[in-house]
Enquirer: 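Before anything else, here's the structure in question.
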Amino acid sequence: MGRSLPVFKPLTPADVRRIDQTSRQILERIGIRIKDDAILDKLKKAGAQVNHHNQRLRFKEEWLDKLLSRAPSQFTLYSRDEKNDLSLGEGEVHFANGGRVFRILDIANGGYRLTMLRDIARTAMLVNHLEHIRFYVIACQAHDVEPQHYHLNDFCNAFNNTTKHVMGGCDNLEGVRQVWKLASLIAGGEERLREKPFFSVITNPVSPLTIGPNAANILSFCATHGIPVTCASAPIAGATSPATLAGTLAQMHAEALAGVAITQVFSPGAKVLYGAVPATMDLRNIEFAMGSTEMGMMGASAVQLAKLYNLPIRASAGVTEAKRPDIQSGVEKSFSNLMVAMAGADCILLAAGMLDSGNSISYEQYTIDNEIIGMVYRVLSGIRVNKDTLSLDVIEQAGPGGNYVMEEHTVEHMMEEFFYPALSVRCNFDIWEERGRPTMLSRANDLVHNILTEREEVEEGLLDPDLLLEVRKAFPEIRNI
Amino acid sequence: MSDFKALSEAVNKGDTKTALVEAQKALDAGSSAEEILNKGLITAMNEVGDKFSKGLLFVPQMLRSAKTMQECTKLLQPFFQEGDVLSKGKVLIGTVKGDLHDIGKNLVSMMLEGAGFTITDMGVDVSPEKFVEKTREVKPDIIALSALLSTTMPAMAQTIEALQKAGLRDKAKVMIGGAPVTEKYAQQINADSYASDAGSAVNKAKALLGIS
Ligand code: B12
């Protein structure tokens, strides 16, 4: 590891304090609307200022601070094989794909179509295989599964195709409960799951300043059952938050802190991530703009705001409006991934697979994004400067006019010093012609084909067959997988 | 008479306060409501539309101008002669059951309102029954349904069915939209129209009612 994180801070310490002060005023003066009276009652009993009439929850400064200080500054997102456990709050950056789209660009089969359960299995396979995508987010809607059972089917397919940590959005309490039961069975009991939860849940407030009944109940369930959760604020500057970046950050920070604080009412010490998806709108024509430079800048700023309270953050980056893997997607994804990673976000979601403002995915994009993220990790690991790497002896030995190709020093360092892309075209022109003029996209397509056919031919699935039978018996709603 | 320059400028700027003062002045000076509307407000709005289509104005500016025009129209309302057409039509709009997304729907409402339609916005998570109830009450010309989740799109079909059952389907046109919604889906569920964004929603709404 070279230099220590974070190295990119768009806000000065004074800016951070002013934004935070504004957010605290928002929470104290305006408050958050919680559209669930039972939850409001619970919060009131815990010392909140509640106005049932307008369903408003206000946070007095001391109460807010007390709650926020209970939230853990470090915890682990576990994998099922313990090989990909992700520590949060220790300066590591973990990238994941983005979730719950409804459409896929299926290049091999000729175009855009609705997503199906098999796309969850396949994207989980891809993420399991792709080194730099460190955990899996339920990627899409399984349109071939009835609504009451899709969460169960989604997560079961994910578990069967990746051992990495699985995160996903759930529609309602019942969905989370089903997944928790399934995961308990796979873990070998509720207590084992609580000890090392290998799945976590995403929910959202509705900007501005509203938390719906589903989100509130999901937060409560996760907090009391030891499931890591995030209530990710997703304001759109100019539409559901002020058109100024500072104003959007102030509102987002208030919403994100409220989400964290509320989980601590339900269960002190509950594992919660500060959640941030600050996006923008192109006001020329009111077009959604998640690939904007400003979204990256705000994502990086969100890290600074979360770290003011030592909270692990689930940030977002790597989104684009581009409809295909192309120049625009490459530029926009690289830009924001790099900014938010260099700010030191613990988790960066949406960073792989997505296109079309988060409405679509493409298998190829997963492999391309894996490569972009690999480049980002290379940046984060910095330049090692020590006697050995400074190479004075080797330079002397080669002397003026010499070369370094066959030096032992070269062989010793070449593996760790460079990032080796799998998809970038680096061959010379003639060879490029000979190979049929490959591009990053054509190579991505080949790689996808290799990963998927290899996995589908060689292995049946990652869950132990005995366990799978048990799962099927306990959950007849789960389709054959 | 007056060239309505100050009024037109205020509409162009979306400055409602000044526009109201100017409209009142024009009334006081003896201009007819219709004249103020046609030569002042509508001419100004046409300029705004022109600038917008050339990229010189952004949507928020256009919406503010439209709002200014509406406020002025309200002021003029009592002075119109019978036969002066004020509203382009009534639109009942909402996001369907189970769906909380409203940004797109709100933009569609604002644009329709800006274009002269009268809007009744039912908000989000609106059940087919509520749409039926409100349709009876408001008697809209167009019912506009929004869905942002592929999983709530069926609620659009259910809403149309409910309208059918209540004998209201042929009383209003149904227009649908939202990111996962398609022209094809609109045809499948017997909606009358689909629009992919707020701008085209206005054109489609006008087309549905045969106005320009
Ligand atoms: C913002 C957002 C939210 C916000 C909504 C805030 C709000 N006040 O609306 C929050 C965070 C609350 C949210 C929640 C959820 N969301 Co959401 N959300 C989005 C997001 C990122 C942007 C939507 C948006 O506002 N776009 C900007 C506007 C301007 O565009 P638009 O809505 O498409 O509208 C335009 C046109 O479609 C059209 N139009 C729209 N309505 C109408 C109506 C008519 C009549 C006409 C003619 C035209 C028309 O004109 C508009 C203007 O040009 C989309 C992704 C995306 N890119 O669309 C996901 C997305 C729609 N959400 C999604 C999901 C899954 C959810 C959740 C289930 C996630 C969860 N955490 O559990 C919940 C569902 C809550 C619920 N029950 O509805 C998925 C949907 C997948 C699917 N199956 O279809 C998407 C695609 C993102 C994703 N990949 O996860 N979401």
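Within every chain, numbering begins at 1; the chains are lettered A, B, ... in the order of the sequence lines, protein sequences first and strands thereafter.
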Enquirer: So among B:Leu63, B:Leu107, B:Asp197, which one has a side chain to side chain contact (heavy atoms under 4.5 Å, CB included) with A:Ile286?
Expert: B:Leu107

Enquirer: Take atom CZ of B:Arg64 as the centre, draw a 6.0 Å sphere, and report whether it contains more than 12 heavy atoms from other residues, nucleotides or ligands.
Expert: no

Enquirer: With a cut-off of 6.0 Å (strictly less than), are more than 12 heavy atoms of other residues, nucleotides or ligands near NZ of B:Lys204?
Expert: yes

Enquirer: Take atom NZ of B:Lys134 as the centre, draw a 6.0 Å sphere, and report whether it contains more than 12 heavy atoms from other residues, nucleotides or ligands.
Expert: no

Enquirer: For atom NZ of B:Lys130, decide whether the heavy atoms of other residues, nucleotides or ligands shown that lie under 6.0 angstrom number more than 12.
Expert: no

Enquirer: Indicate yes or no: at least one non-hydrogen side-chain atom of A:Leu283 is less than 4.5 angstrom from one of B:Pro60.
Expert: yes

Enquirer: Rounded to the nearest 0.5 Å, how far does CG of B:Leu100 lie from NZ of A:Lys35?
Expert: 7.0 Å

Enquirer: Count the heavy atoms of every other residue, nucleotide or ligand shown that sit under 6.0 Å from CZ of A:Arg56, and state whether that count exceeds 12.
Expert: yes

Enquirer: Would you say the side chain of B:Leu57 lies within less than 4.5 Å of the side chain of A:Arg284, judging by non-hydrogen atoms?
Expert: no

Enquirer: Specify the closest pair of heavy atoms between B:Ser150 and A:Phe102, including all atoms of both residues, with the distance to one decimal.
Expert: OG-CB, 3.7 Å

Enquirer: For B:Ala179 versus A:Arg103, what's the shortest heavy-atom pair and its separation?
Expert: O-NH1, 4.5 Å

Enquirer: Quick check on A:Asn285 against chain B: is it the side chain, the backbone, both or neither that has a heavy atom closer than 4.5 Å?
Expert: both

Enquirer: For a 4.5 angstrom cut-off between non-hydrogen side-chain atoms, does A:Glu287 reach B:Val59?
Expert: no

Enquirer: Could you look at A:Tyr150 and say if it's the side chain, the backbone, both or neither that has a heavy atom under 4.5 Å from chain B?
Expert: side chain

